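Note that the structure is predicted; figures quoted are calculated from it, not measured. Just so it is clear, the values below take in all heavy atoms, side chains as well, and ignore hydrogens, waters and symmetry mates.
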Amino acid sequence: MAGAGNSNHFTFSRTVIVSIAALVVLVMLFKPWNLRWKVERGLPQPVVILSQDASTSPIKTLTRSIESISVEVPKEEGSARDGAFTEENPVSAIDPKLFRASYTDSSNFMVGYKDAAGAVAIQPRFEWGGPFEEGKAKVEFEGRFGIIDKDGQFVVAPEYESIFDFVDGIAVAQKDGWFFFIDTTGRPVSDERFDYAWPHKEGLALVKRDGRFGYADATGQLVVATNLEETFGFNEGLAVAKVGGLFGLIDKRGRWAVTPQYDYAWPVEKGSVLVRKNGETSAIDVSSFTEPTTK
């Protein structure tokens, strides 16, 4: 019996020793104090404000920034720019000089016109409508552009792919892929046709044909042949033009006021033009230039 008691005591002692050793091993492996430090370090830390001035507090600055971007900016009601409208307030933009306004009907999304009092003057039946100028307005009807009068009747049939703004009674129009010039009745002012054309400026319109540029007058006739490689339009009676890879200046008859000799040139401004040659940029005084009065 005594031998059995000693054996049990020895077994218990060995179990305790093994358990303590296992606990020590677990502590050394997992290091709970190190784990706690890592967890605490990963938590959000408090913001330390060094300045006593509340206006410099990063928290206050952040709050102010959030408030500034969270304020809802009210939209301009009936803004024609973003096309937004409500059923009660369709898009409307009355021009007091023209006393007419285009608007978008909220039921069919078509464009019509109102008078200055807000009453419908022309029923909404167009896909797009421009402002009235001198009693006429450009509109898009069934995918084509034309011009209507104040009664909504077509004075220029909707047969064009595009119509630019009128300048001195002449506008660039596009039909069947060609560009040409029309008057306010829609009649072509000449038989000339171009790959592209721009509105008149200083009495001449820049045109493009077969990859080269030239200029047409108010009658649609070419006055500067389409043999220019590049050109920027007329300013103060002169236009920068490029021929043979070099830039110069031409007058309104296509004659060289400054022969092409520069690597690059900028449009005339306030009597001078900037030119670049051999990597150096300089200015040429052209203020004494007078536009020729005879051919």
Could you state whether [X] and [Y] fall into the same hydrophobic cluster, counting links through intermediate Ile, Leu, Val, Met, Phe, Trp or Tyr residues with side-chain heavy atoms under 4.5 angstrom apart?
| X | Y | answer |
| --- | --- | --- |
| V155 | F166 | yes |
| V286 | W256 | no |
| F154 | I147 | no |
| V172 | V223 | yes |
| L274 | L246 | no |

* Asked: Angle class for the W198/F213 ring planes (parallel below 30°, perpendicular above 60°, tilted otherwise)?
  -> tilted
Locate the shortest heavy-atom distance separating [X] from [Y]; write the atom from each residue and the value.
| X | Y | answer |
| --- | --- | --- |
| D217 | H200 | O-NE2, 2.9 Å |
| L222 | T226 | CD2-CG2, 4.1 Å |
| F126 | G152 | CZ-O, 4.4 Å |
| S190 | G220 | OG-O, 3.2 Å |
| A137 | G130 | CB-O, 3.6 Å |
| V156 | T185 | CG2-C, 3.3 Å |

Is any side-chain heavy atom of [Y] closer than 4.5 Å to one of [X]?
| X | Y | answer |
| --- | --- | --- |
| T231 | V240 | no |
| F247 | V273 | no |
| E127 | F109 | no |
| D183 | V189 | yes |
| F232 | L206 | no |
| I250 | V224 | yes |
| V167 | P199 | yes |
| F141 | W128 | no |

* Asked: When you look at N235 and K201, which way does the side chain to side chain contact (heavy atoms under 4.5 Å, CB included) test go after all the steps?
  -> CA-CA 9 Å; N235 282 339; K201 181 182 179 183; 2.8 Å; yes
Test your reading of the model: is there a side-chain donor-acceptor pair from [X] to the backbone of [Y], 3.5 Å cut-off?
| X | Y | answer |
| --- | --- | --- |
| Q261 | T259 | yes |
| E140 | G129 | no |
| Y215 | G233 | yes |
| R209 | Y196 | no |
| D149 | D151 | yes |
| D195 | D210 | yes |
| E229 | G244 | yes |

Measuring from [X]:[atom1] to [Y]:[atom2], what's the distance to the nearest 0.5 Å?
| X | Y | atom1 | atom2 | answer |
| --- | --- | --- | --- | --- |
| D176 | R193 | CG | CZ | 9.5 Å |
| Y262 | S282 | OH | OG | 6.5 Å |
| D115 | K150 | CG | NZ | 12.0 Å |
| F181 | I170 | CZ | CD1 | 8.5 Å |
| T184 | D168 | OG1 | CG | 12.0 Å |
| I284 | L249 | CD1 | CG | 6.5 Å |

* After noting the C-alpha distance and the side-chain angles of E202 and K252, does the key distance pass the salt bridge (Lys or Arg N to Asp or Glu O under 4.0 Å) rule? -> CA-CA 9 Å; E202 293 194 10; K252 290 186 177 181; 3.6 Å; yes
* D285, CG atom: more than 12 neighbouring heavy atoms under 6.0 Å ->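 Check passes, neighbour count above 12.
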* To do: Take atom CD of E269 as the centre, draw a 6.0 Å sphere, and report whether it contains more than 12 heavy atoms from other residues, nucleotides or ligands.
  =>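 Atom CD in E269 is not packed in, count stays at 12 or less.
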* To do: Please confirm whether F194 and F180 have ring centers closer than 6.0 angstrom.
  =>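 Not close enough - the centres of the two rings lie 6.0 Å or further apart.
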* Assert yes or no for the condition that the ring centre distance of F145 to Y160 is strictly below 6.0 Å. =>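 Centroid distance F145-Y160: not below 6.0 Å, so no.
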* Structure fact -> Paired with E230, the salt bridge (charged side-chain N to carboxylate O under 4.0 Å, His left out) test is passed by just one of K208, R212, K242, namely K242
* Sequence neighbours excluded, which residues qualify as salt bridge (charged side-chain N to carboxylate O under 4.0 Å, His left out) partners of E161? -> R144
* **side chain to side chain contact (heavy atoms under 4.5 Å, CB included) assessment of V111 paired with V139** => CA-CA 9 Å; V111 174; V139 295; over 6 Å; no
* Between K270 and E236, is there a salt bridge with N-O shorter than 4.0 Å? -> no
